[in-house]
Amino acid sequence: RRSADADMRVRCPRCNRLIFMHDTGCEHCGVHFGGEAWQFSPSTRMSQLLPGRWWRRWAIIAIVVAMLVAFQLGFR
């Protein structure tokens, strides 16, 4: 898993420049993290860390919309 996303980048929470997600510090501004950069970055989203899960949210929205449309058409 680590090698698959080793070259993914996130934004530094201090200087907002792109750095590698597994870095423990920013080479641009010199800040050091108490872990890896992705844990502290404001740009980190679950979709970046867990690719393939974005479709669940859209599937739920599509199902709700389809149910609302069916409900409205059923009462005409």
Side-chain angles (χ1 to χ4, degrees):
R1 168 100 185 137
R2 187 176 169 112
S3 62
D5 59 12
D7 54 345
M8 286 184 64
R9 294 178 180 246
V10 295
R11 298 228 173 246
C12 172
R14 185 173 180 195
C15 69
N16 206 32
R17 288 187 169 172
L18 289 174
I19 56 176
F20 292 109
M21 68 183 296
H22 293 293
D23 285 351
T24 56
C26 178
E27 63 186 43
H28 305 287
C29 68
V31 68
H32 292 282
F33 310 113
E36 294 180 342
W38 67 267
Q39 297 169 311
F40 300 93
S41 174
S43 65
T44 302
R45 302 282 184 267
M46 290 306 291
S47 62
Q48 289 176 324
L49 299 176
L50 302 171
R53 291 203 176 180
W54 59 268
W55 64 269
R56 289 182 187 180
R57 184 174 309 155
W58 290 108
I60 292 170
I61 291 171
I63 290 169
V64 169
V65 168
M67 290 174 61
L68 288 173
V69 168
F71 183 74
Q72 290 295 324
L73 292 176
F75 286 103
R76 285 188 176 206

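The model shown is predicted, which means the values in this text are computed figures rather than measured ones.
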| request: Looking only at non-hydrogen atoms, find the nearest pair between Phe20 and Ala37 and report the distance. | output: O-CB, 3.7 Å
| said: So, using side-chain hydrogen bond (donor to acceptor under 3.5 Å, both in side chains) as the criterion, who are the partners of Arg14 when residues are at least two apart? | reply: none
| field | Value rounded to 0.5 Å, distance of CG in Leu73 from CG in Leu68 | value | 11.0 Å
| note | Interatomic distance, CG@Asp23 vs CD@Glu36, rounded to 0.5 Å, equals 9.0 Å
| said: Tell me every residue that passes side chain to side chain contact (heavy atoms under 4.5 Å, CB included) with Ile61, counting only those two or more places apart in sequence or in another chain. | reply: Arg57, Trp58, Val65
| Passes side chain to side chain contact (heavy atoms under 4.5 Å, CB included), Leu18 versus Arg11? Steps please. | CA-CA 5 Å; Leu18 289 174; Arg11 298 228 173 246; 3.9 Å; yes
| request: Please name the pair of heavy atoms, one in Cys26 and one in Phe33, separated by the smallest distance, quoted to 0.1 Å. | output: N-CE1, 4.0 Å
| query | Would a 4.5 Å heavy-atom cut-off, applied to side chains only, mark Ile19 and His28 as touching? | reply | yes
